[in-house]
Visitor: 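The structure under discussion is supplied below as structure tokens; questions concerning it will follow.
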Amino acid sequence: MVNPRICLPRRLTCFALVGMLALNVPARAEDRSPDAGIARADGVAAGNGMVVAQEARAARIGVDILQKGGNGVDAAVAVGFALAASYPRAGNIGGGGFMVIHLANGEDTAIDYRETAPAAINAKSFLDAQGNADPQKSRESALAIGVPGTVAGLALAEEKYGSGHFTLADLIAPAIAMARDGITLDDDITDEQTNVLARLARWPAAAKIFLKADGSALSAGDRLVQSDLADTLETIAREGPRAFYEGPIAEKIAVAVQAAGGVMTVADLKNYRAIERTPVRGTYRGYDVVSMPPPSSGGVELIEMLNILEGYDLAHDDETQTLYLMIEAMKRAYADRALFLGDPDTVTVPVAKLIAKSYAAAWRTTIDPEHASPASAIRAGGSSDPEGHNTTHFSIVDRFGNAVSNTYTLNFSYGVGLVADGTGILLNNELDDFAAKPEAPNAYGLIGFEANEPGPGKRPVSSMTPTIILKDGRPFLVTGSPGGSRIITAVLQVIVNVIDRGMHIADAVAAPRVHNQWMPDQVFAEPAVPPDIVAALQARGDKVVPQRPFTSAESILVTPEGFIGAADPRTRGALAVGY
Ligand code: DON
């Protein structure tokens, strides 16, 4: 049952829902600004299918596939390839990610297409001569490049769960057209290119595509043409996904990575496999939570936090108390993340323990309702500057009852910035998500221990949290976000805002967010968190530091009347579009 209060704060949108079920109602909010307070939120209604993505062209391509009779997985695969052309800072074929799928027949599954470490990576790969973690190596050098998983992952999803009405080539075709013909760039894309100019300028093969001839960033209104990427996509469309991993494309990737000082070989590419995994499942106040298992920490830590919070009456607590309790839950879950999470194919991750209700109950006994726990008091088991929107999430539902939640990334914006010459493929710097050394923070300030140490063939722990909430076995809420370590807590807050606080999905997505990750011992608060709440949290002992928004929870709520898509107003170019 949909919480009746969901519609109350936004009566206008609810009215629109009834009147526009069959209409295509795009909501591009031109007044969105990532730095200022969070702009107006939009909820978009549709009766047959919905795509919410961080880039409008890709979202429309997804809806077009749905309208042609495709299912949610067909649409997700088309959106995934399209974003590689239209949103190159995060959309990719040179990175990796995760897809959580709910099938209309009631089954849930997850595709792990996380990057793997090349065979020559070991526990010392990202250390300097003194044995200290060297961020230059793990973030800015070609050593940071993991074997890309996106092509294998999207192809696996399509092969197993596509409708069968489309070939992979059909779904890649819109991406090829955009890469070949070029797209006119919007300001959100060009602003970010300016931010990462130095990274792109280091590599001539990247600069010739993404920068002007004089080395400056492209401007809004300029065209981005990616002919090499179009050729690469055409080869994949013609020959299938293995063409990425064996043969001329793989050879060019290995040559480019090695020429830049990395260690990836053609054998690493040939050995890459996407893996279908059983999603991690929990329950929260009568809803089922289906999310990404390790090597992402997202699902496990999301469920751990929800289990802790289930013991409190958040629906009736005031906002400060709700935020306070969420922050206490965050501290404990992220302490566990640091100690226990790793690649499940090389370490044993105690998932069952971490998502047990009894484990959450034990954590609750350590939470003082009035006084914040310092990070130093929290022991698992019983910072650096953020980079903006560098990962990208999209949520899709179709009229058949399928739902897809997909988050994928190059890690930093434009990854390491290296394009493998002649392929148009931008390569990731995902291996910074390993714990280069116990307790050395990664780019998101996350620390880890032996469970997440670099090693050959290993997948670094991720925070990506593509999630589907079910009610009575059917999709209720589809959500996920970019934002590095902030992803899991962003997803948590969307869920609590909808289920406990009865907010309209657009308001739940737009509401200002807080974040704590155990270490550093700080609560990051978006500027829109009201000053009296900041003061109240500080009075309880939390160190609150302002931080600009950089999560973006593209979400869909399924109601008895239809789908409501909410594009996160933190991303200027995001679009919810349905039919
Ligand atoms: O997998 C992870 O957790 C990170 N590599 C994701 C990076 C990210 O979300 C950056 N976006 N803002």
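Residues: numbered from 1 along the sequence shown. Read the numbers this way: they start at 1 and go in the same order the structure lists the ligands and their atoms.
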Visitor: For atom 2 (C) of ligand 1, which of the options T465, D433, I488, N442 provides the nearest non-hydrogen atom?
Guide: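 Result: the heavy atom closest to atom 2 (C) of ligand 1 is in D433.
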
Visitor: What are the atoms of ligand 1, with element, lying closer than 4.0 Å to any heavy atom of M464?
Guide: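 That gives atoms 1 (O), 3 (O) of ligand 1.
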
Visitor: Name the one of T479, D288, I495 that satisfies side chain to side chain contact (heavy atoms under 4.5 Å, CB included) with I469?
Guide: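 It is I495; the other options fail the test.
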
Visitor: When you compare the side chain of E140 with that of N429, does any pair of heavy atoms fall below 4.5 Å?
Guide: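 N429 vs E140: side chains apart.
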
Visitor: Is it the side chain (CB and beyond), the backbone, both or neither of Y444 that lies under 4.0 Å from ligand 1, heavy atoms counted?
Guide: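 The answer is the side chain.
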
Visitor: Could you tell me which atoms of ligand 1, counted from 1 in the order shown, lie closer than 4.0 angstrom to a heavy atom of G483?
Guide: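 Those atoms are 8 (C), 9 (O), 11 (N), 12 (N).
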
Visitor: Taking 4.0 angstrom as the limit, do K458 and D343 come out as a salt bridge?
Guide: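 Not counted as a salt bridge, because no side-chain N and carboxylate O are separated by less than 4.0 Å.
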
Visitor: Could you tell me whether some N/O pair between V461 and ligand 1 is separated by less than 3.5 angstrom?
Guide: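 The answer is no, given that V461 and ligand 1 share no N or O pair closer than 3.5 Å.
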
Visitor: At less than 4.0 angstrom from any non-hydrogen atom of E430, what atoms of ligand 1 do you find?
Guide: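 The atoms of ligand 1 under 4.0 Å from a heavy atom of E430 are 1 (O), 4 (C), 5 (N).
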
Visitor: Applying a heavy-atom cut-off of 4.0 Å, say which part of R114 lies close to ligand 1: side chain, backbone, both or neither.
Guide: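 For R114, the contact with ligand 1 is made by the side chain alone.
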
Visitor: Would you say ligand 1 has an N or O under 3.5 Å from any N or O of I487?
Guide: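 It does not: no N or O of I487 is found under 3.5 Å from an N or O of ligand 1.
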
Visitor: Just jot down the ligand 1 atoms closer than 4.0 angstrom to any heavy atom of S463, in number order.
Guide: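 What qualifies from ligand 1 is 1 (O), 2 (C), 3 (O).
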
Visitor: Check K331 with D542, please: is the shortest side-chain N to carboxylate O separation under 4.0 Å?
Guide: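 Yes.
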
Visitor: Answer with side chain, backbone, both or neither: which part of N411 has a heavy atom less than 4.0 angstrom from an atom of ligand 1?
Guide: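 Both of them.
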
Visitor: Out of S296, S462, P460, S481, whose heavy atom is nearest to atom 1 (O) of ligand 1?
Guide: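 Comparing heavy atoms across S296, S462, P460, S481, the nearest one to atom 1 (O) of ligand 1 lies in S462.
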
Visitor: Could you say whether the N/O atoms of T391 and ligand 1 ever approach to under 3.5 Å?
Guide: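 Yes; the residue has a nitrogen or oxygen that sits under 3.5 Å from a nitrogen or oxygen of the ligand.
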
Visitor: Is there a side-chain contact between L83 and Y408 in this structure, where contact means two heavy atoms from C-beta onward sitting under 4.5 Å apart?
Guide: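 Sidechains of Y408 and L83: in contact.
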
Visitor: Within the structure provided, determine whether N307 and Y359 are in side-chain contact (heavy-atom separation under 4.5 Å).
Guide: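 No, side chains not in contact.
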
Visitor: Report all side-chain donor-acceptor pairs from residues 461-468 shorter than 3.5 Å, counting only partners two or more places apart or in another chain.
Guide:
| from | atom 1 | to | atom 2 | distance (Å) |
| --- | --- | --- | --- | --- |
| S462 | OG | M464 | N | 2.9 |
| S463 | OG | R337 | NH2 | 2.9 |
| T465 | OG1 | S463 | O | 2.7 |
| T467 | OG1 | S291 | OG | 2.8 |
| T467 | OG1 | T465 | O | 2.9 |

Visitor: Is the shortest heavy-atom distance from the side chain of D433 to the side chain of R114 under 4.5 Å?
Guide: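 Touching, per the 4.5 Å side-chain cut-off.
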
